[in-house]
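Data first, discussion second: the structure below is written as structure tokens.
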Amino acid sequence: MKVDWDHLRFFLVLARAKTLTNAARLIGVEHSTVARRIQALESTLGTQLFKREATGYELTSEGLALVPRVEQMEQSFIQIEKRHDPLQGRVRIGAPEGFGTAFLAGLLAEFSKHYPLLTIDLIPVPKTIKLSHREADIVISIDRPKSGPYIITRLTNYCLKLYGSRHYLEQHPPIEKLDDLRQHRFVDYIDDLVYSTALYSLERLPLQVSACFRSNSILAQEIAVRAGAGLAILPRFLVRDKTELVEVLGDQLSFSHTFWMLTLVDLQHEPRIKLVWDFLRKQADVQQELLMGG
């Protein structure tokens with residue numbers, strides 16, 4: 001009996017992904033292709049490998065027995081590919097909008113030049129990317145998941161300061177102490193739409209102020225501050241090279257958040273995932289001056 005390795009590869013991905021849709025996205029094919037491959041494998045082996053449940057595709061006893069054998073074959077192929085083939089495929093990275101756009105985009109663009117067969121998908125959005133829904137292969141988040149089949153590491157801390165535009169500060173009362181902030185306008189998140197409580201920036205101030213301009217986009221906030229809408233608490237990495245922005249009150253106001261990086265347990269040994277994972281960790285280490293300041 002001759003078994004097609006591609007059929008076995010589809011079997012292993014579905015066993016891990018649980019649904020045809022998730023498996024299809026990971027492989028890069030239509031879900032109907034996954035279904036046909038599984039049917040062909042079951043026909044060749046003469047046994048049912050999956051049973052359809054409300055939660056997705058669950059392995060039968062025959063399927064469970066087959067998994068470790070196919071995983072051994074998978075590891076053998078991985079070692080062969082690492083020795084003979086360049087890295088290829090796709091890695092999708094979900095990140096907070098500001099960090100993904102202002103920090104990661106340039107670094108990943110440069111990184112991708114060294115791996116022409118590897119496709120990098122960067123998703124910088126003002127929302128939480130759900131790793132459990134297979135929306136990305138690697139997720140960077142300001143909230144650490146409490147549980148789940150994840151590999152999690154603290155990627156980096158990052159510093160936030162209070163900023164205003166030069167023009168705004170010239171046109172409004174001087175700020176020499178915290179209480180002077182009461183006379184000023186502020187830019188902030190829309191509180192009932194914010195995707196993480198860690199982003200309630202103005203609540204961190206030691207006095208009560210309110211925002212006159214709000215947006216769930218940190219990039220929109222930064223643009224609004226440059227346009228003179230008011231003051232805002234912004235990440236240091238977002239305001240680099242923005243010479244029109246001025247830090248207000250210096251070390252009197254300094255905050256920090258943490259970025260966490262996570263991937264699914266069943267992806268951690270994929271060569272392309274590990275390559276990008278290690279690259280991101282290294283860049284977070286070497287870019288501490290930008291992220292945290294001197």
Side-chain angles (χ1 to χ4, degrees), residues 1-94 115-123 129-139 145 147-153 261-278:
M1 177 179 60
K2 183 178 180 180
V3 179
D4 189 324
W5 160 246
D6 273 346
H7 293 347
L8 293 171
R9 181 169 64 92
F10 276 69
F11 159 78
L12 200 55
V13 173
L14 181 57
R16 293 166 174 168
K18 303 297 185 183
T19 70
L20 291 176
T21 301
N22 287 339
R25 190 191 69 76
L26 288 171
I27 300 172
V29 299
E30 297 294 330
H31 72 274
S32 58
T33 302
V34 179
R36 286 197 301 271
R37 294 280 191 166
I38 298 304
Q39 290 171 0
L41 178 61
E42 290 179 331
S43 177
T44 299
L45 298 178
T47 188
Q48 184 180 358
L49 300 172
F50 293 94
K51 51 187 176 183
R52 185 71 181 271
E53 303 287 355
T55 55
Y57 279 71
E58 298 295 334
L59 290 163
T60 63
S61 57
E62 291 82 2
L64 285 169
L66 183 60
V67 168
R69 295 159 60 188
V70 179
E71 285 180 333
Q72 287 183 342
M73 296 173 64
E74 178 188 45
Q75 288 304 311
S76 297
F77 275 101
I78 288 174
Q79 293 305 314
I80 292 172
E81 289 175 350
K82 286 173 66 175
R83 288 194 297 267
H84 299 289
D85 291 333
L87 279 169
Q88 54 186 300
R90 180 181 67 185
V91 179
R92 179 168 289 181
I93 304 159
Y115 300 93
L117 299 181
L118 189 65
T119 299
I120 300 295
D121 288 353
L122 176 61
I123 313 171
I129 297 292
K130 295 182 179 180
L131 192 62
S132 60
H133 292 183
R134 301 277 179 163
E135 293 178 349
D137 303 307
I138 296 173
V139 166
S147 62
Y150 310 130
I151 300 297
I152 305 172
T153 187
M261 184 164 67
L262 51 152
T263 188
L264 291 168
V265 170
D266 62 4
L267 291 179
Q268 64 176 316
H269 298 304
E270 289 282 345
R272 69 187 192 284
I273 304 299
K274 188 175 187 307
L275 177 73
V276 176
W277 177 278
D278 291 344

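Below, all heavy atoms of this structure are taken into account, side chains as well, without hydrogens, waters or symmetry copies. Throughout, numbering of the chain's residues begins at 1 and tracks the sequence.
Side-chain contact between L45 and L66 is present, with at least one heavy-atom pair separated by less than 4.5 Å. Contact check for R25 versus R90: side-chain heavy atoms found under the 4.5 Å cut-off. You'll find the side chain of V91 stays beyond 4.5 Å of the side chain of W277, heavy atoms only. Using a 4.5 Å heavy-atom threshold, the side chains of R69 and L8 count as separate. Proximity of I38 to E42: side-chain heavy atoms (C-beta onward) are separated by under 4.5 Å at one or more points. Annotation: side chain of L267 is not in contact with side chain of I138 (no heavy-atom distance under 4.5 Å).
A donor-acceptor pair under 3.5 Å links the side-chain atoms of T44 to the main chain of A40, judged by distance alone.
Here the shortest heavy-atom pairing between G94 and A136 reads N-CB, 3.8 Å. Taking all atoms of both residues into account, the shortest heavy-atom contact from A23 to A17 is N-CB, 3.7 Å. Pairing each heavy atom of A15 with each of V67, the nearest pair is CB-CG2, 4.4 Å. Taking each heavy atom of D137 and T263 in turn, the nearest pair found is O-OG1, 2.6 Å. For Q268 against K274, the heavy-atom pair with the smallest separation is O-CB, 4.1 Å.
With respect to D266 and R134, a salt bridge is recorded, a charged nitrogen being found less than 4.0 Å from a carboxylate O. The existence of a salt bridge linking E30 and R36 is excluded, since no basic side-chain nitrogen approaches an acidic carboxylate oxygen closer than 4.0 Å.
Taken to the nearest 0.5 Å, the OH atom of Y115 stands 10.0 Å off from the CD1 atom of I120. Rounded to the nearest 0.5 Å, atoms CG (L59) and CG (L64) are 5.0 Å apart. Atom CZ in R9 sits 13.0 Å away from atom CG in L14 (nearest 0.5 Å). Taking CZ of R92 as the reference point, atom OG1 of T119 lies at 10.5 Å (rounded to 0.5 Å). The CZ atom of R52 sits 6.0 Å away from the CG atom of L20 when rounded to the nearest 0.5 Å. Of the inter-residue distances, the one linking L26 atom CG with R16 atom CZ reads 10.0 Å to the nearest 0.5 angstrom.
Every residue meeting the ring-ring contact (aromatic ring centres under 6.0 Å, His included) condition with F11, not counting sequence neighbours, appears here in chain and number order: F50. With sequence neighbours excluded, no residue forms a ring-ring contact (aromatic ring centres under 6.0 Å, His included) with Y150.
Side-chain N/O atoms of T60 and E62 include a donor and acceptor closer than 3.5 Å.
Heavy-atom neighbours of K18 NZ from other residues, nucleotides or ligands within 6.0 Å: above the threshold of 12.
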